[in-house]
Novice: 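Provided herewith is a single structure, encoded as structure tokens, for subsequent inquiry.
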Amino acid sequence: MKIRYCMATLASAALLAAAPAQAQGNKLKVGFMLPYTGTYAALGIAIENGFRLYVDEQGGKLGGREIEYVKVDDESDPSKATDNVNKLIKRDEVDVLVGTVHSGVAIAMARAARQSNTLMINPNGGAGAITGALCAPNVFRSSFSNWQPAYAMGEVAAKRGHKTAMTITWKYAAGEESVNGFREAFEKNGGKVIKDLTVPFPNVEFQALLTEIAAAKPDAVYTFFAGGGAVKFVKDYAAAGLKDAVPLYGAGFLTDGTLDAQGDAAQGLLTTLHYADGLNTPRDNAFRLAYAKTFKLQPDVYAVQGYDAAQMLAVGLKAVNGDVSKKAEIAAAIRSATIDSPRGKFTVSKAHNPVQDIYLRKVVGKENKVEGIAIKALADPARGCKM
Amino acid sequence: MDLATFLIQCLNAVQYGLLLFLVASGLTLIFGIMGVINLAHGSFYMIGAYMAYALAPAVEQHLGGGFFATLAVGVALSVALGYLLEWLFFSYLYEREHLQQVLMTYGLILVFEELRSLIVGNDVHGVAMPEWLSGTVPLGEVMTYPVYRLFISAVCVAVALAMWLVLARTRLGMRIRAGATNREMVRAMGVDIRLLYRIVFAIGVALAALAGMIAAPVSSVYPNMGGQVLIICFVVVVIGGIGSIKGALVAALLVGFVDTFGKVLFPSLAGLSVYLLMAAMLLWKPEGLFRAG
């Protein structure tokens, strides 16, 4: 009994001694919760690279504090998301969470961040809820909401004179949010969506639906697919003879990172996104050069989103001299800032989502060339956000 | 829906159904004859698809190429794989309970997925179809139908016919059927039952792998593709009657139709329609359409 008591005292003493030592280190702990394995691994790496690039450009310090990184593979698995994020929050006691790609995982992260009041910046997952119903003073997004590119494309399609459209996507949250955004703008501008077609995620057997589109002959088709599904859909759409008969429009993920595999089938496709190839602004050119030099890789939209996550964090930390406990001041600073992003300058909405230009892009060769700006400074409606 | 659309959708449904049959027949063959619930069956489909992607360049280089050469090499490899797996793992499962079979074959799924990740990574790949099969035939005014899908249907019909001939008309088929009914008696008659099982298992694996190979150009090649096909195949097997090849054929076509027309007519229920069909079937005929045997 006595020994046990002594041990406990010693252990507490050791803990007490350790605690100030940690504080003296005064490094800011950034917890990356990103996909490092699986289908999205390349995206996770691009985001981390982008983030590190900005931090390195600032001499390794944000808000006067040196940055220390902790990493957890999110496995793109929503069922493991809460456990994984708690590793960072409770075990590693990170000051800031950065993640993630998969919307479902990002939502679980946002919940955990709200509950523990941990600062979080989401560098990709476009789920509306994150800056909608789940919005919080300590949760930010550096990417987009699914609604944004879709809404812009709805307006573009209507203004190009199309009266009827069909939509086709996976039956999951991101697809539905995207299709709803398209419909909202398309119908507001005088068009009519005649039918929404869906396939279960991540099924890629589209033949029956393509037959249906060919039979119904709408003026246009809007689609949301990404990755392998996007490759398959674009090729099948062309193979079914629809490419020349019914114009295909999509959110930018249809042709981002997939053009190599899509080849000829993708040529000329119009998509909308908050980034594009050939922006040819000094800011973007400098970013692309620095990124390519540092990582021997070409940057993409994910790298930009990681880079801007670091920029947003820098703005917030600067306002509080690196004291992450001051959430309200950090939020106020980020909301009033203009982020000088490679994608073009943007501000952050009250719900903490970028208010940004959405580009109209056209596939030319292996690039998503910018055709123009579909909508300037488009803000997400942030439905359900009470902040 | 006009007549032309309806007919093309029927073709789509038949093609999908036949492909499902090709996978499900191996599953039900192995269950019906050896009594093994093989959750790893979907992995053989995935392995087939990845072979179509990974073998083609090697076959081209060493054997002068050709789509059919790749198919032949792939089938040969999958027969060998089936033979090996039966010898190493499945031969220990026949006398075990279903729970143990499920646990081990689930373990095999994890092993196969991990190996796939190590060998070819986690990317999605497209597979080119042979030039001479990549055209379309016109049907109706505006619609066309891809030749390759007709080819898939033709292969599946040919395999189904061959399977029926072997099972119903040959000495091997007779022994297989007898072995399904009474293993000990067949052994007592002097038949090498272990070899027989090994052959059946290898054929089952080859059927799934062949389905994966011919489906690769239309379905892409991606991680976890085996898991999805496995679930649908279990639906087929349950509807058809566990262990019945004829049941698998009828059920696969039924699932093909319900899935295809469900997607088009009730898109908001896409993906659910097949399971509703299964639930209805279980209420109406819990033993499935056809009893095994």
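Protein chains get the first letters and strands the later ones, always in sequence-line order, with residue 1 at the start of each.
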Novice: Of the backbone (N, CA, C, O) and the side chain (C-beta and beyond), which part of A261(A) lies under 4.5 Å from a heavy atom of chain B, both, or neither?
Specialist: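 Neither part; nothing is under 4.5 Å.
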Novice: What's the separation between atom CG in L209(A) and atom OG1 in T260(B), rounded to the nearest 0.5 Å?
Specialist: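 Here the rounded value is 9.0 Å.
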Novice: Could you tell me which portion of Y145(B) (side chain, backbone, both or neither) has an atom closer than 4.5 angstrom to a non-hydrogen atom of chain A?
Specialist: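 Contact with chain A: side chain only.
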Novice: So for V199(A), is it side chain, backbone, both, or neither that comes closer than 4.5 Å to the heavy atoms of chain B?
Specialist: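 The answer is both parts of V199(A).
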Novice: Please find the pair of heavy atoms, one from T198(A) and one from A270(B), that lie closest to each other, and give the distance.
Specialist: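 Minimum heavy-atom separation between T198(A) and A270(B): O-CB, 3.2 Å.
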Novice: Any sub-3.5 Å donor-acceptor pair from K195(A)'s side-chain atoms to V264(B)'s backbone N or O?
Specialist: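 Judged by distance alone, yes, a pair lies under 3.5 Å.
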Novice: Specify the closest pair of heavy atoms between G271(B) and P200(A), including all atoms of both residues, with the distance to one decimal.
Specialist: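 Where G271(B) meets P200(A) most closely, the heavy atoms are CA-CG, 3.4 Å.
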Novice: Determine whether S220(B) and K232(A) satisfy the following criterion, side chain to side chain contact (heavy atoms under 4.5 Å, CB included), listing intermediate values before the conclusion.
Specialist: CA-CA 7 Å; S220(B) 309; K232(A) 177 75 177 11; 3.2 Å; yes
Novice: For the CG atom of N12(B) and the CG atom of L210(A), what is their distance to the nearest 0.5 Å?
Specialist: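 These two atoms lie 9.0 Å from each other.
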Novice: Is the backbone of I8(B) close enough, under 3.5 Å, to the side chain of T211(A) for a donor and an acceptor to pair up by distance?
Specialist: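 No, T211(A) side chain to I8(B) backbone: no donor-acceptor pair under 3.5 Å.
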Novice: Between E212(A) and K263(B), is there a side-chain heavy-atom distance shorter than 4.5 Å?
Specialist: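 Not touching, per the 4.5 Å side-chain cut-off.
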Novice: Quick one: closest heavy-atom pair of K171(A) and S268(B), and the distance?
Specialist: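 Result for this residue pair: CE-O, 2.9 Å.
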